[in-house]
Every structure is written in C-alpha cells, then in structure tokens.
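A short write-up of the structure that comes next.
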Amino acid sequence: MSRTPSSPQNVDTPKGLVLAVTAYVLWGFLPLYMKAMDHIGPVEVVAHRVIWSVPVAGLLLILLGRTGDLKAALGNLKMLGMAAVTAALISVNWAIYVWAISTGHALDAALGYYINPLFSIALGAILLREPLNRTQLVAVGLAALGVLVLVFEAGRLPWAALGLMVSWGFYAFFKRSLPIGPNQGFLLEVLILLIPALAYVTLLGVQGTGHFGVVASDTLLLSCAGIVTAVPLLVYANGAKLVRLSTMGILQYIAPTMIFITAITLFGEQIDRGRMIAFPLIWAALIVYSIPMIRQARRQV
C-alpha cells in the first residue's frame with residue numbers, strides 16, 4: 001500500500017500539529033482539574049471518568065458512523081480479552097495519576113511521564129528483541145541513573161512515577177496489538193470498565209460516602225470527567241495520524257513539562273536535592289533520545 005501525503009511518516013500537516021499540541025496542552029492542564037477534586041478518593045474519580053466517557057466516546061462513533069467496528073469487537077472474545085487487559089492498565093494508570101496529584105506528588109507524575117518513552121524503548125528491547133542503538137542505550141542509562149539517585153536520596157522507590165511509567169508503557173505495548181481503531185478501542189475499554197464503575201459509585205451512594213449529587217460543585221466536576229478524559233485522547237488519536245512519529249515523540253514532553261511547572265509554581269511542591277540531580281539527568285536522557293528524531297525531522301522537511 002502506498003503512503004499518502006498525509007501519512008505521519010511523510011509530512012507534518014498544520015491540522016495534525018494543532019491537534020497534537022492541543023492534546024498535550026490539555027493533558028498539561030489536567031492536574032488543575034484533578035487538584036480541585038483532591039478531597040475525593042482516586043477510585044471514585046476514576047469510576048466517574050469511566051462512566052462519563054461512555055456517552056462522549058459513543059456519540060463520537062455515532063457521528064463518525066463507525067459503530068459497526070465496535071459491534072464486531074463486542075462479538076470477538078479474543079479482542080474482548082485483549083481490550084480487558086488494556087482497560088485494566090489504563091484504569092490503574094488513571095488511579096495512580098489522580099492519587100499523585102491529590103496527595104502532593106505531581107512532580108512524581110511529571111517524572112513518570114518523562115521517563116515513559118525511555119521505558120517503552122527498554123520494553124521493546126526486552127519483549128520484542130528490538131536492538132538498542134548507542135544513543136538509546138545512553139538515554140536509557142541516564143534515565144536509570146536518575147531513578148537510582150532518587151532512590152538513594154529518598155531511601156525508597158518513587159512508586160508513583162514508576163507506577164505511571166509501567167502502567168502506561170504496558171498499556172501502549174498491548175494497545176498496539178488491539179486490531180481496532182483508537183476511537184473504537186477507547187469506547188470498548190470504558191464499556192468493559194462501566195459495570196464495575198457503576199457498581200462502585202452505587203455502593204458509595206448506598207453507604208452515603210459518595211460525592212456525586214451531594215455538593216453541586218463536586219457533582220459538576222465529576223460529571224465533566226468524561227469530557228476531560230475522552231476529548232484529549234480522541235484529539236491525540238486523530239492528530240497522530242497527521243504528523244510524523246518523530247514529531248509526536250518530541251511533542252510528548254509538553255504535558256510533563258507543564259505538570260512540572262504547575263507542581264512547583266501552583267501546588268508548592270519542593271525540589272529536594274535528589275530531584276535537583278535526577279531531573280537534569282532525565283532531561284539530558286530525553287535530549288539524547290530526541291536528537292535522532294530532530295535530525296530525521298530536518299531531513300524530511
């Protein structure tokens with residue numbers, strides 16, 4: 001099959017760049033929304049992200065006329081099993097992220113998403129036997145050194161950062177094997193999670209410990225969870241088709257950089273000595289990792 005001019009391997013389209021940057025900027029602002037709900041338990045927030053994402057993603061598929069693919073997926077046990085794995089991973093990722101923001105660990109969230117691309121490289125080398133070139137080895141080594149510094153200084157593993165890194169890394173790994181479009185795949189995942197999410201929210205309501213329908217501000221925030229969750233994912237999925245992979249690889253640092261700045265300037269989180277050493281090491285790793293992509297992008301201009 002020949003590549004079209006809009007292929008992400010060939011050219012960065014203006015529309016694709018706008019969509020991609022928009023998605024990452026929206027993710028960068030997400031901590032502000034999550035911080036407003038720091039008095040609500042992470043599992044309850046995730047449950048509402050699932051529940052309210054279903055109508056948003058469903059409406060989009062109806063408008064696109066792509067519901068046939070979803071019906072076929074629902075009748076395929078193998079595909080449902082694969083989607084159940086990705087749904088479990090994304091729900092864990094969401095829960096860790098919500099917990100990190102609400103408990104003053106936004107810097108760890110930024111760290112997790114900074115090192116995720118390098119973890120994906122290591123994952124490919126281990127599970128897919130993809131060879132690492134010298135540049136990638138240096139980048140992964142610097143990132144690993146940064147994590148070791150954090151462990152040495154704090155005396156413990158940065159669990160939130162590692163949890164986000166591992167859950168998102170494996171989510172992306174298994175997601176690539178899911179033979180369905182990104183919009184359909186996202187709806188399939190939240191549909192799989194819908195029953196346990198509804199059950200949990202119902203249980204909270206019966207126990208009188210839930211936040212939905214109690215205070216107007218909490219109800220509004222929770223009911224917006226679908227838009228906040230689904231829109232950036234769907235914008236990203238459509239933007240990724242219209243820009244080069246190398247460009248997406250560079251743009252992905254927008255969100256963790258915004259999270260890092262927000263954590264320091266708005267949330268008042270402190271950069272201790274370990275982080276003062278670790279973050280520059282990881283930024284150096286990302287620079288090393290990005291150099292080949294930047295060179296490739298220039299050659300393709």
Contact check, side chains of L61 and Q184, non-hydrogen atoms, under 4.5 Å: yes
H48 (side chain) donor-acceptor with V46 (main chain) under 3.5 angstrom: no
Donor-acceptor contact below 3.5 Å, side chain R275 vs main chain Q270: yes
Atom pair CD1/CD1 of I282 and I277 - distance to nearest 0.5 Å: 12.0 Å
Derivation of the side chain to side chain contact (heavy atoms under 4.5 Å, CB included) call for L89 and N93: CA-CA 6 Å; L89 287 167; N93 182 269; over 6 Å; no
Distance-only polar pair, side chains of T257 and Y114, donor-acceptor under 3.5 Å: yes
More than 12 heavy atoms from other groups under 6.0 Å of CD1 on I195: no
Interatomic spacing from CH2 in W27 to CG in L30 - rounded to 0.5 Å: 10.0 Å
K15 side chain to L242 backbone, donor-acceptor under 3.5 Å: no
Derivation of the side chain to side chain contact (heavy atoms under 4.5 Å, CB included) call for F173 and F119: CA-CA 11 Å; F173 176 80; F119 175 73; over 6 Å; no
Cluster check M34, L32: I/L/V/M/F/W/Y, side chain < 4.5 angstrom: yes
Option from L286, L118, L281, I287 for which side-chain contact (heavy atoms from CB on, under 4.5 Å) with L142 holds: L281
V140 with L148, same ILVMFWY side-chain cluster at under 4.5 Å: no
Ring centres under 6.0 angstrom apart (Y171, W168): yes
Over all atoms of both residues, closest heavy-atom pair of Q136 and N133: N-OD1, 2.7 Å
Contact check, side chains of S91 and V50, non-hydrogen atoms, under 4.5 Å: no
Evaluation steps, side chain to side chain contact (heavy atoms under 4.5 Å, CB included), between N183 and L64: CA-CA 10 Å; N183 297 333; L64 294 176; 3.7 Å; yes
Sub-4.5 Å side-chain heavy-atom contact between D218 and M37: no
T229 and W52, any side-chain heavy atoms less than 4.5 Å apart: no
Backbone N/O of D38 and side chain of S102: donor-acceptor pair under 3.5 Å: no
Exercise: identify the closest heavy-atom pair between I101 and P31: CG2-O, 3.6 Å
Exam field: side chain Y33 to backbone L221, donor-acceptor pair closer than 3.5 Å: yes
Closest non-hydrogen atom pair, V151 against P158: CG2-CD, 3.9 Å
Verify same cluster id: I51, L70 (apolar side-chain graph, 4.5 Å): yes
Verdict with reasoning, T135 to I291, per side chain to side chain contact (heavy atoms under 4.5 Å, CB included): CA-CA 9 Å; T135 300; I291 287 173; 5.7 Å; no
Pairwise side-chain contact, P117 with Y253, heavy-atom cut-off 4.5 Å (strictly under): yes
Nearest-0.5 Å distance that lies between atom CD in E189 and atom CG in L178: 6.5 Å
Where F212 and S223 come nearest, the two heavy atoms and their spacing: CE1-CB, 4.2 Å
Straight-line distance of L19 CG to Y24 OH, nearest 0.5 Å: 12.5 Å
Minimum-distance pair of heavy atoms, taken over all atoms of A83 and I192: CB-CD1, 3.6 Å
Same apolar cluster: M276 and V149, side chain cutoff 4.5 Å: no
Side chain proximity check, I90 to K175, heavy atoms < 4.5 angstrom: no
ILVMFWY cluster, V190 and V43 together (side-chain gap under 4.5 Å): no
Test item: I121 and Y289 side chains (from C-beta on) under 4.5 Å apart, heavy atoms: yes
pair Y113-Y97: side-chain heavy atoms closer than 4.5 Å: yes
Ring centroid separation W283 to F260 under 6.0 Å: yes
Donor-acceptor under 3.5 Å (E269 side chain, L107 main chain): yes
Contact summary for A47 and A197, nearest pair of heavy atoms: O-CB, 3.6 Å
Separation between CG of L164 and CD1 of I96, rounded to the nearest 0.5 Å: 5.5 Å
Spacing of CE belonging to M82 relative to CG belonging to L77, to within rounding of 0.5 Å: 13.0 Å
Electrostatic pair E44-R49, nearest N-O below 4.0 angstrom: no
